[in-house]
Amino acid sequence: MRSDPLTDVLTPGLPDEAFDHDGQLTKREIRALTLAALAPRPGELLWDVGAGSGSIGIEWLRANPTGRAVAFERDPARVRRIAANRVALGAPGLVVVQGAAPDVFAELSDGPAPDAVFIGGGLTVPEVVARCWTALRPGGRLVANAVTVETEAEIVRQRALLGGELTRIQISRSTPVGRFTGWRASMPVTQWIVTRPTAVDPAPGRSADQAARVAEEPRS
């Protein structure tokens with residue numbers, strides 16, 4: 001089989017041009033950092049919410065051949081793109097579910113709990129974060145990326161409730177400036193990473209960080 005320099009490498013961060021997309025794509029460098037935050041492990045299940053072109057789920061499966069992934073996307077044209085990308089880029093096992101989050105999650109209510117959830121779209125839709133958090137297995141990871149001020153505000157609000165870490169990421173690429181070369185900055189991305197506590201919180205209403213500290217306290 002002929003080698004393809006665009007897709008042969010299995011480490012996360014395929015070139016953006018490897019994907020068929022309409023602009024709704026987690027860009028290469030951000031995608032690699034997002035996969036690192038999701039931390040795929042053998043056999044684990046990922047939910048990719050607001051999947052766009054399916055890039056996160058596809059890269060999850062390429063890096064984790066024994067893993068599983070479900071892409072949720074409401075737009076029919078993007079669903080078709082995801083289906084084409086998963087075949088072209090060697091991730092035929094990616095399951096694509098068409099529908100609007102969080103209501104579409106009901107279609108998998110009898111299935112296994114995800115080990116990791118990525119929210120790339122729909123962050124400001126009521127109950128999306130709450131329903132993802134409820135679905136996530138204890139010890140699982142939730143990662144969300146925000147580009148707009150409104151989605152960043154929602155991430156900050158959710159972080160106050162659930163804990164976790166915030167990181168601001170901005171990538172600059174070289175670009176011609178007349179006869180010279182300068183830097184053109186991309187839009188900054190705010191990334192939220194949080195792990196669901198493995199212990200049951202004895203005092204409901206605590207944040208995730210508070211619950212984790214309670215779980216670590218010695219018992220008399």
Side-chain angles (χ1 to χ4, degrees), residues 12 24 26 34-35 37-87 89-145 151 154-155 158 161-164 192-202 204-208 211-212 215:
Q24 190 71 11
T26 302
T34 299
L35 264 292
L38 289 167
R41 299 179 177 89
E44 288 192 331
L45 171 64
L46 169 74
W47 279 12
D48 182 1
V49 180
S53 63
S55 64
I56 296 296
I58 288 168
E59 295 252 34
W60 168 279
L61 292 176
R62 286 170 56 87
N64 183 21
T66 63
R68 297 160 292 155
V70 179
F72 297 95
E73 176 55 53
R74 65 179 179 83
D75 183 88
R78 289 174 179 165
V79 167
R80 291 192 292 272
R81 284 192 181 92
I82 295 170
N85 283 331
R86 69 181 174 183
V87 174
L89 297 174
L94 178 64
V95 176
V96 186
V97 179
Q98 183 177 337
D103 295 339
V104 71
F105 298 158
E107 296 190 22
L108 298 183
S109 58
D110 296 331
D115 301 282
V117 174
F118 172 65
I119 307 177
L123 264 166
T124 58
V125 175
E127 296 299 311
V128 163
V129 173
R131 293 278 294 278
C132 288
W133 185 253
T134 300
L136 191 64
R137 71 161 180 81
R141 293 87 63 201
L142 187 150
V143 178
N145 290 349
T151 52
E154 180 62 17
I155 277 182
Q158 293 291 344
L161 295 172
L162 301 174
W192 175 42
I193 307 170
V194 61
T195 299
R196 185 174 178 185
T198 56
V200 176
D201 185 5
R206 296 178 190 266
S207 72

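As the structure is a prediction and not an experimental result, all values here were calculated from the model.
- Among all heavy-atom pairs drawn from P112 and R68, the shortest one is CG-NH1, 3.6 Å.
- To the nearest 0.5 Å, atom OG1 of residue T195 and atom CG of residue L162 are 11.5 Å apart.
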Please table the atom pairs, donor to acceptor, closer than 3.5 Å between any side-chain atom in residues 94-101 and protein atoms at least two apart or in another chain.
none

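- Partners of R78 according to the salt bridge (Lys or Arg N to Asp or Glu O under 4.0 Å) rule, which considers only residues two or more places apart in sequence or in another chain, are D22.
- For R74, there are no side chain to side chain donor-acceptor pair (under 3.5 Å) partners at least two apart in sequence or on another chain.
- Applying the salt bridge (charged side-chain N to carboxylate O under 4.0 Å, His left out) test to pairs two or more places apart or on separate chains, none has a residue in residues 89-108.
- Shown here for L142 and C132, the closest heavy-atom pair between the two residues is CD1-CB, 4.0 Å.
- The salt bridge (charged side-chain N to carboxylate O under 4.0 Å, His left out) analysis of residues 121-145, with sequence neighbours excluded, yields the pairs E44-R137, E44-R141, D115-R137.
- Residues satisfying the side chain to side chain donor-acceptor pair (under 3.5 Å) criterion with T26, sequence neighbours excluded, are absent altogether.
- For the side-chain contact (heavy atoms from CB on, under 4.5 Å) test, residues two or more places apart in sequence or in another chain that qualify with T66 are P42, N64.
- Listed by chain and residue number, nothing satisfies the side-chain contact (heavy atoms from CB on, under 4.5 Å) test with A106 (two or more places apart in sequence, or in another chain).
- Annotation: the span from N145 atom CG to I155 atom CD1 amounts to 7.0 Å, rounded to 0.5 Å.
- Side-chain N or O atoms of W60 include none that pairs as donor or acceptor with a backbone N or O of L35 at under 3.5 Å.
- Residues forming a side-chain contact (heavy atoms from CB on, under 4.5 Å) with A63 (at least two apart in sequence, or on another chain): P12.
- To the nearest 0.5 Å, atoms OG1 (T151) and CH2 (W192) are separated by 12.5 Å.
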Scan the side chains in residues 45-54 for donor-acceptor partners under 3.5 Å anywhere in the protein, sequence neighbours excluded, and list what turns up.
from: D48; atom 1: OD2; to: G57; atom 2: N; distance (Å): 3.3

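- N85 is linked by a side chain to side chain donor-acceptor pair (under 3.5 Å) to nothing, counting only residues two or more places apart in sequence or in another chain.
- The heavy-atom pair separating V125 from P102 by the smallest distance is CG1-CD, 4.2 Å.
- Expressed to the nearest 0.5 Å, how far CD of Q158 lies from CD1 of I119 amounts to 8.0 Å.
- Counting only heavy atoms from C-beta outward, the side chains of V143 and I56 never approach each other to under 4.5 Å.
- Residues L123 and V128 are not in side-chain contact: their nearest non-hydrogen atoms beyond the backbone lie 4.5 Å or more apart.
- Of all the heavy atoms in I193 and A37, the pair that sits closest is CD1-CB, 3.4 Å.
- What you find for G90 and P92 is that their closest heavy atoms are C-CD, 3.3 Å.
- By the side chain to side chain donor-acceptor pair (under 3.5 Å) test, E73 is found to be paired with no residue, residues two or more places apart in sequence or in another chain being considered.
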